[in-house]
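Taking it in order: structure first as structure tokens, then the write-up.
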Amino acid sequence: MLPLAPDYYRRNFRFLIDFVRRHRGHLVDEALAGFIDRFEGLPAPAQCLFVRLLTRKGEWFRSDQLNYQEIGPIEPALSALAEANLVQLDPLIDIAALARLLRHGELKTLPQVQPMLASHRTKTSLVNALVAQQWDSAPLTRWWPDAPFQLLAQGEELLVERLQLLFFANLHQSLSEFVVASLAHVRYPEVPLSPESFPFASADVVAQYQARERAARAWESGELDHDAWGRQLCDRQHDARLERQRQRHAFVLARQLEREAHTEPALALYRHCHHGEARERRLRLHFARGDHPAALSTALAMQAQPQSEQERVVAGRFLARLARQMPMPGLKTERPELSEDQTELAWEGAVEEAVVAELRARGQQAWHTENALLNGVAGLLLWPVIHAPLRGAFVQPFQHRPLDLYHTDFLSRRRELLAREWRYWRQLTRAEFTAGLLARYRTYQGIRCALVNWARLPAEALEAALPTLAPQQWLQLVDYLMADLSQRRSGQPDLMVVEKGALTLVEVKGPGDSLRDHQRRWLAELDRLGVASRVLWVSKIDTTDR
């Protein structure tokens, strides 16, 4: 493990600034440029303190709790930050928030609290009584003129968030990504980056994206009501990134409205939303309301042009239900035959591991790979395709998958690259195919990739599996997976078993478990491609009386 420099976090923040200036300079507006200049004009201790505050929880901080050996005396750093308007000293604070920052003994010294001490002996009781008074927010110097510390609030939160958005292209990653990379805990794919790789077209689009994410957080916390949030999500956006963001939030709001039985506004949002399961939710709502013509129209549209495997299956299921309510001649439903076995075992922990142990005891090669085998083969086969430096795919060095990996146009954007990889792998013999894929495994082992779970797919498992199928079968499996990756990346059988050079994929079901739709779909596809699979129903042997 590599040791960290005492001010590693400041160096990481400066790396972020330098990266944004180099790769996103055309998206840095005047306000953000001014913030960067103010930060870089600070002495090193003040820069350290500013970044330390970024990583602490809360909105307000006590100066007497800011003790960092690498910073030294806190007062000079604090003064430099205040002079640069990067912290606010003695900010307004409400009594409830202040009470959370104070110890019980400190709280009792507040002049406003003195009359309440006799009747409220615990801190909780005291805080509740203070909140009930509904006092306006005020600075600490008014609440407690003789406080032995200063109160401060982090400044420029909006611009810091904008800086991180320009680096990560999202608002859910944080500076902690730098730390794990510095410690060599995580290695990321090396993909060439350029200013053109970023998915935002202008500084204005970046600001709009950020504003909508902040509005979403305000809605989640109850500061913004459903109607006000819904009005912000009505208008389609010309920018593709903003439109995808709008539809994502519209879907989340519609689901919440649906849960609260606000059917009409939920349907209104679903009608203009193509995100995720929006069309499926419309179908379910129409059916639940007894609006069978609308349900039929939606189900037929889903069946004719399904956006995913999930939509096709749901459409078929609801068409069968609708057939019981209205005449629908010619409707057929199919349920493929499954190969099934039963066994009894005694085990503790995961039933899959118990089955693996039993199979190995019988002399078979077995691994609990679950989704890792087929996903991993796909990740290795298509590594150059997945990690191609397309616009909006990779935007920063701490990224383990392209941003559009689960978008419906992922493959179409890489059509030529995909065709080239397919041509290469199709012309190989079985031995060459196996050797080529194992070589890629060794080359990239340990590098984070959304499709390759290195822990679940050990080299010996891949070595055993690859020669058991023809290259064409592996390519067909990967083709099926990638055609609807967001749905098909899960549901694959739990175990891979190799016996006498033959591969069988086994779905293990313990007591009380059942087959889910996406698991049935995978089993049917394996059967279609001639890959042996079966469902193993495992019951538990009662060993208490033995």
Side-chain angles (χ1 to χ4, degrees), residues 9 13 35 38-39 46 48-68 71 74-75 77-164 171-172 174-176 210-211 213-225 228-229:
Y9 51 90
F13 194 71
F35 161 75
R38 281 180 286 145
F39 176 82
C48 285
L49 180 57
F50 183 80
V51 181
R52 280 289 194 187
L53 293 175
L54 287 178
T55 59
R56 290 180 69 133
K57 292 182 179 180
E59 185 177 348
W60 299 277
F61 307 99
R62 297 170 50 145
S63 62
D64 62 338
Q65 294 180 348
L66 303 175
N67 301 307
Y68 301 104
I71 294 176
I74 213 68
E75 288 76 14
L78 201 53
S79 297
L81 289 177
E83 187 176 344
N85 292 319
L86 293 179
V87 298
Q88 182 183 356
L89 297 181
D90 207 22
L92 296 177
I93 186 170
D94 63 80
I95 189 63
L98 178 59
R100 288 192 291 270
L101 291 173
L102 300 180
R103 292 181 283 271
H104 190 195
E106 293 173 330
L107 185 59
K108 291 192 292 184
T109 66
L110 268 60
Q112 298 84 351
V113 173
Q114 299 297 317
M116 303 178 181
L117 293 178
S119 54
H120 300 283
R121 298 185 179 280
T122 67
K123 183 177 178 180
T124 301
S125 174
L126 199 54
V127 171
N128 291 338
L130 288 168
V131 172
Q133 297 292 319
Q134 297 185 337
W135 280 312
D136 292 334
S137 297
L140 174 64
T141 50
R142 189 178 303 172
W143 291 117
W144 189 8
D146 300 325
F149 58 84
Q150 286 183 289
L151 191 68
L152 60 139
Q154 179 86 54
E156 304 295 14
E157 179 188 34
L158 189 69
L159 292 174
V160 171
E161 185 179 77
R162 177 87 51 82
L163 185 67
Q164 295 190 151
L171 291 175
H172 62 263
S174 69
L175 296 175
S176 63
Q210 182 185 15
E213 290 301 312
R214 294 179 75 86
R217 292 199 294 270
W219 171 71
E220 290 168 358
S221 66
E223 300 172 44
L224 191 66
D225 63 34
W229 183 218

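Start at 1 with the first residue, then count along the sequence. The structure presented is a predicted model; accordingly, all values stated were derived computationally and were not measured.
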For the CZ atom of F39 and the CG atom of L159, what is their distance to the nearest 0.5 Å?
13.5 Å
Residues L89 and A82: closest non-hydrogen pair is CD1-CB, 3.8 Å
Does some side-chain heavy atom of L101 sit less than 4.5 Å from a side-chain heavy atom of L151?
yes
Could you tell me whether the side chain of F61 reaches within less than 4.5 Å of the side chain of F149, counting heavy atoms only?
no
Answer yes or no: is there a side-chain heavy-atom contact under 4.5 Å between E156 and R38?
yes
Pairs touching residues 54-64 that satisfy side-chain hydrogen bond (donor to acceptor under 3.5 Å, both in side chains), sequence neighbours left out:
R56-Y68, R62-D64, R62-E106
If the plane angle is over 60° it's perpendicular, under 30° parallel, otherwise tilted; pick one for F35 and F50.
tilted
Inter- and intrachain pairs under salt bridge (charged side-chain N to carboxylate O under 4.0 Å, His left out), touching residues 123-149, at least two apart
none
State, with a plain yes or no, whether a side-chain heavy atom of Q112 is found less than 4.5 Å away from one of Q133.
no
Do the non-hydrogen side-chain atoms of W143 and I93 ever get within less than 4.5 Å of each other?
yes
Looking at CD1 of I95 and CG of L126, how far apart are the two atoms once the value is rounded to the nearest 0.5 Å?
8.5 Å
Should L54 and Y9 be marked as a side chain to side chain contact (heavy atoms under 4.5 Å, CB included) after you check the CA-CA gap, both sets of side-chain angles, and the distance that decides it?
CA-CA 10 Å; L54 287 178; Y9 51 90; over 6 Å; no
Given side chains that start at C-beta, do those of T109 and L102 come closer than 4.5 Å, heavy atoms only?
no
Tightest non-hydrogen contact, residues W219 and L224, listed as CD1-O, 3.3 Å
Taking the side chain as C-beta and beyond, is there a heavy-atom pair between Q210 and L158 under 4.5 Å?
yes
Could you tell me whether E157 atom CD has more than 12 heavy atoms of other residues or ligands within 6.0 Å of it?
no
Just by modelled atom types, is the L130 backbone N or O under 3.5 Å from a matching donor or acceptor in the W135 side chain?
no
Partner set under side-chain hydrogen bond (donor to acceptor under 3.5 Å, both in side chains) for Q150, not counting sequence neighbours
none
Rounded to the nearest 0.5 Å, how far apart are CD of E220 and CZ of R217?
8.5 Å
Can E161 and E213 be said to form a side chain to side chain contact (heavy atoms under 4.5 Å, CB included), step by step?
CA-CA 11 Å; E161 185 179 77; E213 290 301 312; over 6 Å; no
In Å, rounded to the nearest 0.5 Å, how long is the span from CG of L49 to CG of L78?
6.0 Å
Does the Q114 side chain pair with the main chain of K108, one donor and one acceptor, at a distance under 3.5 Å?
yes
Measure across A77 and I71 and return the closest heavy-atom pair with its distance rounded to 0.1 Å.
CB-CG2, 4.3 Å
Do you know which two heavy atoms are closest between L81 and A46, and how far apart they sit?
CD2-O, 3.5 Å
Would you say L53 and L66 make side-chain contact, with heavy atoms under 4.5 Å?
yes
